[in-house]
Amino acid sequence: MSTNAKPYKETLNLPATGFEMKANLPAREPKMQEGWREQDLYARLREARRGAPRRVLHDGPPYANGDIHMGTALNKMLKDFVVRSLSMRGFDSPYVPGWDTHGLPIEHKVMKDLGPKAASLDRAEVRELCRVEAMKWVDVQRAQFRRLGVLGDWDDPYLTLDPRYEAGIVDVLADLLDAGYVFRQLKPIHWCTSDQTALAEAELEYRDETTPSIYVNFPMVAGVPDAWLAAEGSKPEEWSAMIWTTTPWTLPANVAVAVHPDLTYAGVRYVDPETGQVVRTILGADLVARVMELRKITDFAEVGRCKGRELEHAQYRHPFLDRVSPIVLANYVSVEDGTGLVHTAPGHGGEDYQTGLAYQLPVLSPVGPSGKFTDEAPEWLVGLHVFAGNPKVVAHLKESGHLYLESPLSHSYPHCWRCKKPVIFRATEQWFVGVDRNDLRGRTLEEIKQVRWYPEWGQARIEAMVSLRPDWCISRQRSWGVPIPALGCTACHAQLLTAETARHFRDLFRKEGADAWFSRPVEEILPPDAKCPQCGGTSFRKEGDILDVWFESGSSHRAVLAKGFELGFPAFMYLEGSDQHRGWFQSSILTSVGTTGKAPFESILTHGFVVDDKGRKMAKSEGNAIPAVKATEQHGADVLRLMVSSMDYADDVRISERSIKEASEAYRKIRNTFRYLLGNLEDYAKFDPSTVDLATLHEIDHWALGQLNGVIRDALAAYERFEFYKVHQRIYQFFSVELSSFYLDVLKDRLYAEEPLGADRRAAQFVLHKLHDVLTRLLAPILPHTAEESWGYMPHGQDLPASVHLATFPEPDPRWDDAERDARWETLREARDAILRALEGLRKDKTIGSAQEASVVVAAPAADLPLLQADRDLLATICLVSEVEIREGSGADRFQVSASRSAHGKCERCWNYRPSVGRSPEHPTLCERCVRVVTAAAEKGAAS
RNA sequence: GGGCGCAUAGCUCAGUUGGCUAGAGCGUACCCCUGAUAAGGGUAAGGUCCCAGGUUCGAAUCCUGGUGCGCCCA
């Protein structure tokens with residue numbers, strides 16, 4: 001060890017920066033976010049982009065209940081990537097976040113918390129509690145979204161409970177009424193006859209219940225296959241169709257029997273063991289034996305078979321009503337149990353209702369709110385509760401000879417979550433938007449084609465859904481929402497709901513909120529000159545239905561885009577999970593086409609779902625969910641954002657502790673590279689980059705800037721296509737491969753050992769500065785906190801915005817493009833790879849440690865010799881070896897490398913092995929270059 | 001059960017109109033450096049391209065049928 005080792009080290013320009021290696025994001029990010037709020041970054045960005053072409057990403061409102069989860073976080077991060085990258089591309093891209101604040105889950109939560117007290121509150125009081133509950137979660141989620149670094153107008157978001165928004169919803173409804181889309185029709189819903197209230201699926205509890213299970217022969221009228229008739233010499237009237245049901249009370253509402261088109265059915269003749277009569281009936285072929293066995297009938301025979309579709313439109317007579325009904329086809333029919341023929345009552349079942357729509361069957365529901373048969377039912381049932389009606393119906397069928405068998409059956413049956421009693425399906429009048437009125441469906445499909453879909457298959461998906469969707473039921477029998485402002489005539493029970501009356505209430509809601517509907521007496525809020533369209537009466541009551549929440553959020557193009565927030569209609573983009581093809585995308589485009597004729601969005605971007613590392617869905621109940629809030633607090637938003645940016649969101653996104661850990665490692669690499677850049681730029685700030693003479697740049701500097709051009713081009717192209725994972729991949733690999741392991745490594749000698757103000761070092765710094773500037777900008781949408789931090793250290797002085805988020809993306813500088821140079825560097829790097837491989841051999845046998853200790857001889861084919869010989873010293877530089885010798889030679893590989901320990905001495909200052917070491921009497925342990933640098937520094941020191 | 005997707009190294013992704021021993025980065029193992037240091041560098045090992053048929057001189061790529069997973073319906 002030389003005694004003056006220390007002094008020489010002090011003559012080096014080692015990196016120094018306040019940009020810490022340890023990110024400590026959990027502490028640093030909130031502080032930075034506070035700073036952005038203080039300086040109102042969002043407003044300043046709006047100001048900076050004023051007048052620029054506008055591109056609005058319209059936020060789909062998340063539901064305001066509970067903490068955000070990884071899926072919502074993913075969605076918001078992607079939105080933020082889009083909005084920020086649009087801004088940096090120079091667009092004016094405001095982002096107004098919103099919340100979906102009405103709806104069942106909130107109401108359900110409130111009712112549950114209330115418990116028995118719920119019954120004593122009126123709807124206005126319940127609504128107030130719901131409002132408090134919703135706003136609580138709006139505040140919670142707002143803080144959580146902000147914590148993720150999402151930039152937007154968080155102080156003035158849109159809320160579906162806002163009177164302005166509520167007015168927008170009713171405005172849309174009014175326009176749809178105007179155009180004749182809205183009508184009223186019966187539809188079955190879950191109904192609790194004890195609480196006399198409608199129930200949603202979420203309010204049902206399934207438990208076993210024992211009900212009568214009955215097999216009934218419905219007498220045929222027509223449509224029995226001819227072959228069967230011929231074989232038996234029988235008439236259609238001598239045949240039956242056997243159905244099976246566990247709800248005998250619904251038989252009065254029977255209007256069809258459903259069979260599966262592809263199942264095989266059999267015509268069966270058997271002798272009834274009790275009556276001795278011959279019976280001919282239709283059964284699912286696979287079920288014949290099982291059904292006969294139920295009554296131990298052995299005397300039966302198959303007459304013939306047919307497919308279910310051959311029975312379509314056959315006719316039967318109702319077993320106790322004077323009614324002839326058809327056999328219809330339905331795909332849900334199975335041979336799991338029963339007879340393969342399904343009793344169909346559209347007024348009492350969901351599937352039945354769908355089938356009813358397809359065949360235009362009447363919806364019968366002769367049951368009142370208390371569960372008692374109305375006078376539309378047969379007189380022997382009128383006034384009875386439906387469950388009491390069960391045995392009556394069974395007895396009646398038995399008497400009339402239609403009953404094949406009755407036996408009790410225990411099966412899963414829905415019960416009311418509140419009173420725990422079994423519920424029924426009961427049809428009530430509901431409001432609908434007719435999808436085929438005025439060809440809304442066809443026009444929507446046309447508009448879908450005008451939209452740009454990312455990924456493209458989104459179009460096919462929504463087209464399939466829109467093509468097949470039924471009319472839209474917009475009624476909900478709840479309290480927490482925007483009322484359908486329909487008035488019921490107290491004289492004749494007709495409904496008054498027109499575009500004019502709706503607009504009256506729109507204006508009322510805008511002033512007082514939808515609460516007015518619930519809290520004010522009907523006389524006070526009646527439209528002027530309200531008159532019953534049917535009887536001319538002027539006495540009304542407020543009807544109770546509220547609008548489907550999908551109608552609410554689907555009206556945001558009116559409440560937020562067109563009015564209220566003046567973002568502009570249509571929006572540039574909607575961005576949501578792929579489930580929204582059925583949800584928000586569809587409710588939005590339907591209401592928009594219905595009211596304006598146009599889609600509310602120019603493009604749709606969908607992302608997949610968050611799944612675990614095995615590709616399984618994330619669910620709290622599965623125990624594989626990564627809590628988004630906790631993960632952010634633990635690892636930092638930028639790490640999560642980096643993780644999200646690395647994956648192709650078009651498919652499902654796999655998130656696990658491991659993927660977060662991998663993102664953390666990638667983050668460290670990026671951060672440390674920035675730290676290196678900044679560490680070597682510390683003294684650069686004092687100089688104006690424009691004073692650097694570009695002629696002083698080394699060839700490798702040209703090469704690096706050329707590579708950077710490639711990164712800029714690729715990253716910008718990927719941003720334009722919203723392919724953030726390509727941005728990530730490209731930039732990250734550049735950091736890792738071109739910079740960290742090559743260019744920055746090679747640059748160390750120049751940066752550390754050359755004269756601090758000399759042209760060589762300045763040239764290197766010029767490039768570092770450029771790299772830093774470009775990469776900070778390119779990463780800003782993905783890593784807003786880290787980019788901002790890095791930006792703050794940027795050596796600059798002139799006309800750069802204080803925040804990177806006000807800046808725009810860099811552009812490639814064609815001065816550094818040179819394909820011929822790049823080709824030459826391909827060769828040099830290939831030679832370098834060969835050399836590095838050879839050095840590994842020397843390390844194995846401990847001949848050398850660092851590359852600097854080695855000398856290499858490269859044998860190359862004649863064609864490569866001119867290049868290699870000309871760049872011999874450059875090759876040594878980029879391999880960090882003592883020296884390189886070039887020879888002609890050939891072998892299996894392009895370059896044959898032999899390496900040995902350098903014969904030269906080690907420079908104590910720069911640690912290179914150089915022939916010049918020892919030549920200077922003043923500095924016998926230094927190489928020529930270091931002698932020059934040290935001497936110059938000493939002279940400068942003496943002079944100053 | 002139906003509609004729409006996805007499936008290439010442990011992970012994240014490339015693989016252009018079918019044509020090289022299927023690539024990259026990360027991670028891993030081993031090694032080096034100790035002047036980016038709770039950093040940095042190097043080398044290497046990793047793949048029945050989900051499976052099975054088919055078309056073709058030739059298939060990760062095209063066709064058919066499966067399997068698994070996701071979303072939406074039923």
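We name chains A, B, ... by the order of the sequence lines, and we start the count at 1 in each one. Worth saying up front: this structure is predicted, and the values here are computed from it rather than measured.
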| message | Regarding A:E883 and A:H904, do their side chains bring together a donor and an acceptor under 3.5 Å, going by distance alone? | response | yes
| task | Consider only side-chain N and O atoms of A:S855 and A:S900, and report whether a donor and an acceptor are under 3.5 Å apart. | result | no
Which nucleotide, if any, forms a Watson-Crick or G-U wobble pair with [N], using both distances under 3.5 Å?
| N | value |
| --- | --- |
| B:rC26 | B:rG10 |
| B:rC50 | B:rG66 |
| B:rG40 | B:rC32 |
| B:rG58 | none |
| B:rU16 | none |
| B:rC71 | B:rG3 |

[M] and [N], which share atom name [atom1], separated by this distance in whole Å:
| N | M | atom1 | value |
| --- | --- | --- | --- |
| B:rG46 | B:rA24 | C1' | 14 Å |
| B:rG10 | B:rC50 | P | 13 Å |
| B:rG19 | B:rA60 | C1' | 13 Å |
| B:rG1 | B:rG65 | P | 16 Å |
| B:rC69 | B:rA29 | C1' | 32 Å |
| B:rG27 | B:rC71 | C1' | 31 Å |

For [X], give me all partners under ring pair (Phe, Tyr, Trp, His ring centres under 6.0 Å), at least two apart in sequence or on another chain.
| X | result |
| --- | --- |
| A:Y719 | A:F809 |
| A:Y359 | none |
| A:Y353 | none |
| A:H343 | none |

| remark: Contact string for nucleotides 69-74 of chain B, one letter per nucleotide 5' to 3', B = base within protein heavy-atom range under 4.0 Å, S = sugar-phosphate only, - = neither, reads SSBSSS
| For every nucleotide of nucleotides 22-27 of chain B, 5' to 3': is a protein heavy atom under 4.0 Å from its base (B), only from its sugar-phosphate (S), or from neither (-)? | --BSSS
If you look at every strand shown and take non-hydrogen atoms under 4.0 Å, does [X] touch a base, only sugar-phosphate, or nothing?
| X | result |
| --- | --- |
| A:R730 | nothing |
| A:D613 | nothing |
| A:C910 | base |
| A:S740 | base |

| Between A:D683 and A:R761, does at least one N-O distance fall below 4.0 Å, as a salt bridge requires? | yes
Sequence-distant partners of [X], side-chain contact (heavy atoms from CB on, under 4.5 Å), two or more places apart:
| X | answer |
| --- | --- |
| A:V857 | A:E885, A:R887, A:S898 |
| A:A704 | A:Y743, A:V767 |
| A:Q354 | A:L357, A:P470 |

| request: Under the side chain to side chain donor-acceptor pair (under 3.5 Å) rule, collect the residues that match up with A:T444, sequence neighbours excluded. | output: none
| said: With a 4.0 Å cutoff (strictly under), does any side-chain N or O of A:T673 reach OP1 or OP2 of B:rA36? | reply: no
| task | Answer yes or no: does a side-chain N or O of A:S741 lie under 4.0 Å from OP1 or OP2 of B:rG42? | result | yes
| query | Where the side chain of A:M21 is defined as all heavy atoms beyond and including C-beta, which of B:rG35, B:rA36, B:rG10 is the nearest nucleotide? | reply | B:rA36
| query | In terms of base orientation, is B:rG54 syn or anti, with the syn window spanning 90° either side of 0? | reply | anti
For the pair made of [atom1] in [X] and [atom2] in [N], what is the distance, rounded to whole Å?
| X | N | atom1 | atom2 | answer |
| --- | --- | --- | --- | --- |
| A:L744 | B:rU37 | CG | P | 14 Å |
| A:I670 | B:rA39 | CD1 | C1' | 15 Å |
| A:H728 | B:rC11 | NE2 | C1' | 11 Å |

| said: Base of B:rA38, side chain of A:K22 - is there a donor-acceptor contact under 3.5 Å? | reply: no
| field | Parallel, tilted or perpendicular: rings of A:Y752 and A:Y676 (30°, 60°) | value | tilted
| task | Name the residue closer to the 5' end of RNA chain B, choosing between A:G849 and A:K726 according to the nucleotide with the nearest heavy atom. | result | A:K726
Quick test: give all pairs of protein nitrogen or oxygen and nucleotides 43-51 of chain B nitrogen or oxygen below 3.5 Å, distance rounded to 0.1 Å.
none

Can you give the donor-acceptor pairs under 3.5 Å from side chains of residues 721-729 of chain A to other protein atoms, not counting sequence neighbours?
unit_1 : atom_1 : unit_2 : atom_2 : d
A:E723 : OE1    : A:K726 : NZ     : 3.4
A:H728 : ND1    : A:S645 : OG     : 3.0

| field | Geometric cation-pi criterion, A:R641 with A:Y667: 6.0 Å, 45° | value | no
